[in-house]
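Computed from a predicted structure; not experimentally measured.
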Amino acid sequence: MEATAHFYQDLVSHKLSLPALLMEEKYFDTIPSDWHIIITDIKGSTEAVAAGLHETVNLIATGSIVAVLNLVYKAGIRIPFFFGGDGATFIVPESILAPAMQSLLKFKSTTLSNFNLELRVGTVPVQEVYQQGKELKISKYSVSEVFSIPVVLGSGLSYAEKLIKGEEYLLPAQLIPAEELDLRGMQCRWDKIDPPERNHEIVTLLIIAKEGRISSKVFSKVITLLDEIYGSPEKRQPISVGKLRLKSTFGRLKMEMRARIGRTKLFELIQSWLINGYGYIYFRTEKGRNYLNRLVEMSDTLVIDGRINTVISGNSNQRMLLSNALDLMEQSGDILYGMQLSRDSVMSCYVRDLENDHIHFVDGSEGGYTQAARQLKTKIANQSL
C-alpha cells in the first residue's frame, strides 16, 4: 500500500466552530497528488425525480457510497466521501482506485437492469486537477464526539465533475466490472421524516462561491448566517428521534434488495420484513434508543466539497430572512445558490453495526438536492450568457 494511503484518517479532527475553521488556512492540507477523484451521478436524475422516483435516486446514490466504503473498510483505511442526492464523490488512494471502479461499474450495470436508470461513473487523477491549476485542500471537522466530516476547499472537485459529465469523457479501456458486488449494510427503512416539533419545513440548500472570491471567507459568512438565523446546527437539524417512523412495506424492502443483490429472493425478503418488524421492539430497548440518538448525531446533513450542500429545518420566517441575505450576497457577486423547499426529509443508511459504525444520508423529499442543483445550474448558465 502506498505511503499516502492513510493520509485522510491521520488528519486531526478539529473541534472549533465551522466558521472559524474555514478561516484558518493552517488547518487545511493539500490532498496527495497520487490520489484520485471518483464521481458517480445518475444521468437524467431531474427527470427521474419529476417522475416520482426520488426514493430510487437516493437509494442508488447511497448504494454507490456503500459499494466503495465496504472496500475501503476491508483495506483498513478511511477516505473522504460526499453524498449528493443523485450521486456521490470520493477521493481515494491509488490502491483503492481499481477495485472501487470495478465495483461501481458492476453497480452501474445492476442499476440499469433493475431500475432503468443510468449511473454515470468516472475518475480523474488529483495530479491532473493540479496540472490544470485547480486547488484541492481538505480539513476534518468534528460535528460531534462521534461524527466528523471532510471539508474541502478549492475548485478541484468541480473541475473533475465537469470533466466526467462531459460528452467526450472516456473511462480507461482496461476497466471491467467486478464479478461480485458487496452492498452489505445498505438500508432504506425509514419513512419520510417530518421536521422536529419546533420547525415546520425542510430547506435544501446548495451554494457556490463565485469565481474570484475566496471560498473560505464566503462559506464562513454563509455558515455564520445559518447560525444567526436558524440557531446552532442542533436547532436546524432536520432529523429527530420523535419523528422517525419505520417503513417496512414489501415494496420498499424489495427495492432495497434489488439494488443490493440485483434480484428479489422471496425467503430473504420475508426474513428482512420480519427483522424490520423486530425493529419496532428493538428501538424501545436501551440499546435501540442509544442507536436512534446516535443516528441523529451521525446524520449527514452538511457537505462541503468545494461548495456548501446542506439540509436544514426551520420556519417560513427564517427561510425568508435567509433568502434575503443570500440574495444580497448573490447581488454583490459573492455567491450563487439554489434552494428547494420540502415538507419533510428522506434518509437512507449505511449500517455496519448498531453501536458506532453507521452513517445516514439526508435529502429533502421529492429530490431536494436534485431540484436545488437544477436552480443553481440555471443561474450558472445565465451568468455565462
- [ ] Say whether, by atom type as modelled, one donor and one acceptor occur between the side chain of Thr370 and the main chain of Thr46 under 3.5 angstrom.
- [x] no
- [ ] Check whether any side-chain heavy atom of Arg294 lies under 4.5 Å from a side-chain heavy atom of Glu297, and answer yes or no.
- [x] yes
Task: Asn116, CG: over 12 other non-hydrogen atoms inside 6.0 angstrom - done: no
- [ ] May I ask whether Leu328 and Leu225 are part of the same hydrophobic cluster, defined by side-chain heavy atoms of I, L, V, M, F, W, Y residues being less than 4.5 angstrom apart, directly or through others?
- [x] no
Task: Whether Lys140 side chain and Tyr8 backbone form a donor-acceptor pair below 3.5 Å - done: yes
Open item on the list: If we ignore hydrogens and angles and just use 3.5 Å, is the side chain of Gln318 paired with the main-chain N or O of Asn315 as donor and acceptor?
Closed with: yes
Open item on the list: Looking at every non-hydrogen atom in both residues, tell me the closest pair between Pro238 and Ile202 and how far apart they are.
Closed with: CB-CD1, 3.7 Å
Open item on the list: Using a 6.0 Å cut-off, check whether atom CD of Glu180 has over 12 heavy atoms from anything other than its own residue.
Closed with: no
Task: Lys192 bridged to Glu366 by N-O distance under 4.0 Å - done: yes
TODO: Identify the heavy atoms of Ser240 and Pro196 that sit nearest to each other, and give their distance.
DONE: OG-CA, 3.8 Å
TODO: Step by step, work out the side-chain contact (heavy atoms from CB on, under 4.5 Å) result for Trp35 and Leu97.
DONE: CA-CA 9 Å; Trp35 279 44; Leu97 178 63; over 6 Å; no
Open item on the list: Main chain of Ser220, side chain of Thr224: is a donor-acceptor contact present, judged purely on distance under 3.5 Å?
Closed with: yes
Task: Interatomic distance, Ile65 atom CD1 to Leu183 atom CG [nearest 0.5 angstrom] - done: 11.5 Å
Open item on the list: Any non-hydrogen side-chain atom of Leu22 less than 4.5 Å from a side-chain atom of Ser215?
Closed with: no
- [ ] Taking atom CD1 of Ile214 as the centre, report whether more than 12 heavy atoms of other residues, nucleotides or ligands fall under 6.0 Å from it.
- [x] no
Task: Heavy-atom check, side chain of Asp86 versus side chain of Asp41, under 4.5 Å - done: yes
Task: Residues which pass ring-ring contact (aromatic ring centres under 6.0 Å, His included) with Phe90, listed by chain and number, not counting sequence neighbours - done: none
Task: Tyr230 six-ring centre to Lys235 NZ/CZ under 6.0 Å and within 45° of normal - done: no
- [ ] With side-chain contact (heavy atoms from CB on, under 4.5 Å) as the test, would you mind laying out the steps for His36 and Glu128 before giving the verdict?
- [x] CA-CA 9 Å; His36 297 261; Glu128 180 177 337; over 6 Å; no
Open item on the list: Is any side-chain heavy atom of Ile176 closer than 4.5 Å to one of Leu105?
Closed with: no
TODO: Identify the heavy atoms of Cys349 and Thr62 that sit nearest to each other, and give their distance.
DONE: O-CG2, 4.1 Å
Open item on the list: When you compare the side chain of Val68 with that of Phe81, does any pair of heavy atoms fall below 4.5 Å?
Closed with: no
Task: More than 12 heavy atoms from other groups under 6.0 Å of CZ on Arg198 - done: yes
TODO: Nearest 0.5 Å please: distance from the CD1 atom of Ile31 over to the OG1 atom of Thr4.
DONE: 11.0 Å
Open item on the list: For residues Val129 and Phe7: do they belong to one hydrophobic cluster (side chain heavy atoms under 4.5 Å, members Ile, Leu, Val, Met, Phe, Trp, Tyr)?
Closed with: yes
Open item on the list: Nearest 0.5 Å, please: how far is OG1 in Thr56 from CZ in Phe115?
Closed with: 6.0 Å
- [ ] Take Met298 and Val146, measure what side-chain contact (heavy atoms from CB on, under 4.5 Å) needs, and give me the verdict at the end.
- [x] CA-CA 8 Å; Met298 301 175 78; Val146 295; 4.1 Å; yes
TODO: Mark yes or no for whether Gln9, through its side chain, and Arg78, through its backbone, hold a donor-acceptor pair below 3.5 Å.
DONE: yes
TODO: Over all heavy atoms of both residues, which pair between Asp227 and Pro19 is shortest? Give the atoms and the distance, please.
DONE: OD2-CG, 4.0 Å
- [ ] Give a yes or no on whether the backbone of Arg184 and the side-chain of Asn70 come within a donor-acceptor separation of less than 3.5 Å.
- [x] yes
Open item on the list: salt bridge (charged side-chain N to carboxylate O under 4.0 Å, His left out), that's the test. Do Asp194 and Arg343 meet it? Break it down for me.
Closed with: CA-CA 7 Å; Asp194 291 336; Arg343 287 175 296 181; over 6 Å; no
TODO: Determine whether Met339 and Leu326 make a side-chain contact, defined as any pair of heavy atoms from C-beta on separated by less than 4.5 Å.
DONE: yes
Open item on the list: Test your reading of the model: is there a side-chain donor-acceptor pair from Thr123 to the backbone of Ile37, 3.5 Å cut-off?
Closed with: yes
TODO: Given side-chain contact (heavy atoms from CB on, under 4.5 Å), test Lys106 with Glu179 step by step and report yes or no.
DONE: CA-CA 7 Å; Lys106 176 69 173 179; Glu179 291 186 10; over 6 Å; no
Task: Asp363 to Gly85 - nearest heavy-atom pair and separation - done: OD2-CA, 3.7 Å
Task: More than 12 heavy atoms of other groups within 6.0 Å of Lys243 NZ - done: yes
Task: Side-chain donor or acceptor of Ser103 paired with backbone N/O of Ala100 under 3.5 Å - done: no
- [ ] Find out if a path of hydrophobic residues (ILVMFWY) with successive side-chain heavy-atom gaps under 4.5 Å connects Ile60 to Leu53.
- [x] no
- [ ] Kindly check if the number of other-residue, nucleotide or ligand heavy atoms within 6.0 Å of CD (Glu25) is above 12?
- [x] no
Task: Test item: Asp182 and Leu71 side chains (from C-beta on) under 4.5 Å apart, heavy atoms - done: no
- [ ] Output the distance between atom CD1 (Ile39) and atom CG (Leu157), rounded to the nearest 0.5 Å.
- [x] 6.5 Å
TODO: Find out if a path of hydrophobic residues (ILVMFWY) with successive side-chain heavy-atom gaps under 4.5 Å connects Leu295 to Val241.
DONE: yes
- [ ] Would you give the length of the straight line joining atom OG of Ser348 to atom CG of Asp300, rounded to the nearest 0.5 angstrom?
- [x] 10.0 Å
Task: N/O donor-acceptor pair under 3.5 Å between Asp191 side chain and Arg245 backbone - done: no
Open item on the list: If you compare all heavy atoms of Tyr141 against all heavy atoms of Leu16, which two are closest, and at what distance to 0.1 Å?
Closed with: CE1-O, 3.3 Å
Task: Among Leu206, Ile207, Ile335, the one residue meeting side chain to side chain contact (heavy atoms under 4.5 Å, CB included) with Arg307 - done: Leu206
Open item on the list: For Phe147, is there any backbone N or O sitting under 3.5 Å from a side-chain donor or acceptor partner on Ser144?
Closed with: yes
Open item on the list: To the closest 0.5 Å, what do you measure between CG (Leu104) and OG1 (Thr40)?
Closed with: 6.5 Å
Open item on the list: Does any part of the side chain of Leu21, heavy atoms only, come nearer than 4.5 Å to the side chain of Ser139, both counted from C-beta?
Closed with: yes
TODO: Please answer: with hydrophobic residues joined when any side-chain heavy atoms are less than 4.5 Å apart, are Tyr337 and Val222 in the same cluster?
DONE: yes
Open item on the list: Tell me whether the rings of Tyr369 and Phe83 are parallel (<30°), tilted (30 to 60°) or perpendicular (>60°).
Closed with: perpendicular
